[in-house]
Visitor: 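Let me begin by handing over the structure; questions about it come next.
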Amino acid sequence: FQNKNKDKETIRTQIIWYIIMVISFFIGNTFLLYFMVTYLKVWYINAQIILTIGFTILSFIFTRKIFMNKSPHHKR
């Protein structure tokens, strides 16, 4: 029973971190897009393409860290 409670807590923590990541990426995308278009004079579509590539890479890295299997039986 201890293991099941630990698994539920791990899942809850992962969900919270994932939601934080998604919300912060959304806010970051909005502000960076505004900054790039308004002050750097980058066309909207080009700015969005640059940000999409950047946030995709960051999302991949952070999602791997959030959902990394931490059990001792897992080998990389």
Side-chain angles (χ1 to χ4, degrees):
F1 292 102
Q2 291 292 333
N3 195 16
K4 286 186 180 184
N5 288 337
K6 179 88 168 141
D7 289 343
K8 286 181 183 180
E9 186 175 325
T10 301
I11 291 170
R12 189 173 304 130
T13 303
Q14 289 173 337
I15 290 171
I16 290 169
W17 277 112
Y18 185 78
I19 290 171
I20 290 169
M21 181 190 74
V22 169
I23 291 171
S24 58
F25 282 179
F26 176 75
I27 293 169
N29 183 66
T30 303
F31 284 119
L32 287 171
L33 188 63
Y34 173 77
F35 177 79
M36 290 175 75
V37 170
T38 304
Y39 297 108
L40 299 180
K41 306 296 182 197
V42 178
W43 286 354
Y44 172 80
I45 194 71
N46 292 340
Q48 189 60 64
I49 289 170
I50 292 166
L51 291 173
T52 299
I53 292 169
F55 280 117
T56 300
I57 293 167
L58 287 174
S59 177
F60 174 76
I61 292 168
F62 289 139
T63 303
R64 277 187 74 185
K65 290 188 184 298
I66 291 170
F67 295 105
M68 186 181 297
N69 188 352
K70 296 178 181 161
S71 70
H73 302 294
H74 181 72
K75 296 180 182 175
R76 287 201 160 196

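Treat the numbers as computed from the prediction; the structure is a model and nothing was measured. What's counted below: heavy atoms across the whole structure, side chains too, no hydrogens, waters or symmetry copies.
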Visitor: Return the minimal non-hydrogen interatomic distance between Ala47 and Val37, and the atom names on each side.
Guide: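 Where Ala47 meets Val37 most closely, the heavy atoms are CB-CG2, 4.2 Å.
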Visitor: Calculate, to the nearest 0.5 Å, the distance between atoms CZ and CH2 belonging to Phe62 and Trp17 respectively.
Guide: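 Atom-to-atom, Phe62:CZ and Trp17:CH2 are 10.0 Å apart.
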Visitor: Over all heavy atoms of both residues, which pair between Thr63 and Tyr18 is shortest? Give the atoms and the distance, please.
Guide: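 Scanning both residues completely, I find the closest heavy atoms to be OG1-CE1, 4.2 Å.
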Visitor: Taking everything shown except Phe26 itself, do over 12 heavy atoms lie less than 6.0 Å from its CZ?
Guide: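 Atom CZ in Phe26 is not crowded, with 12 or fewer foreign heavy atoms closer than 6.0 Å.
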Visitor: List the residues meeting side chain to side chain contact (heavy atoms under 4.5 Å, CB included) with Ile45, not counting sequence neighbours, and say none if there are none.
Guide: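 Once residues adjacent in sequence are excluded, the partners of Ile45 under the side chain to side chain contact (heavy atoms under 4.5 Å, CB included) criterion are Ile49.
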Visitor: Please round to the nearest 0.5 Å and tell me the distance separating atom CG of Leu33 and atom OG1 of Thr38.
Guide: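 Leu33 CG to Thr38 OG1: 8.5 Å, rounded to 0.5 Å.
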Visitor: Any pair with a residue in residues 43-56 that passes side chain to side chain donor-acceptor pair (under 3.5 Å), sequence neighbours left out, goes on the list, sorted by first then second residue, please.
Guide: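 As it turns out, the side chain to side chain donor-acceptor pair (under 3.5 Å) pairs with a partner in residues 43-56, which skip direct neighbours, are Asn29-Gln48, Gln48-Thr52.
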Visitor: Can you list the residues that meet the side chain to side chain contact (heavy atoms under 4.5 Å, CB included) rule with Ser24, with sequence neighbours excluded?
Guide: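 Once residues adjacent in sequence are excluded, Ser24 has no partner under the side chain to side chain contact (heavy atoms under 4.5 Å, CB included) criterion.
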Visitor: With hydrophobic residues grouped by side-chain heavy-atom distances under 4.5 Å, do Ile11 and Ile20 end up in a single group?
Guide: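 No; tracing contacts between hydrophobic side chains, which count when under 4.5 Å, never links both residues.
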Visitor: What residues form a ring-ring contact (aromatic ring centres under 6.0 Å, His included) with Phe55, not counting sequence neighbours?
Guide: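 Phe55 satisfies ring-ring contact (aromatic ring centres under 6.0 Å, His included) with Phe25 only.
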Visitor: To the closest 0.5 Å, what do you measure between CE (Met36) and CZ (Phe31)?
Guide: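 Here the interatomic distance stands at 15.5 Å.
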Visitor: Only counting residues at least two apart or in another chain, list the ones meeting side chain to side chain contact (heavy atoms under 4.5 Å, CB included) with Phe35.
Guide: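 If we apply the side chain to side chain contact (heavy atoms under 4.5 Å, CB included) test to Phe35, skipping adjacent residues, the hits are Tyr39, Leu40.
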Visitor: Are Ile15 and Met21 grouped together when hydrophobic residues (ILVMFWY) are joined by side-chain heavy atoms under 4.5 angstrom apart?
Guide: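 The answer is no; the residues belong to distinct hydrophobic clusters.
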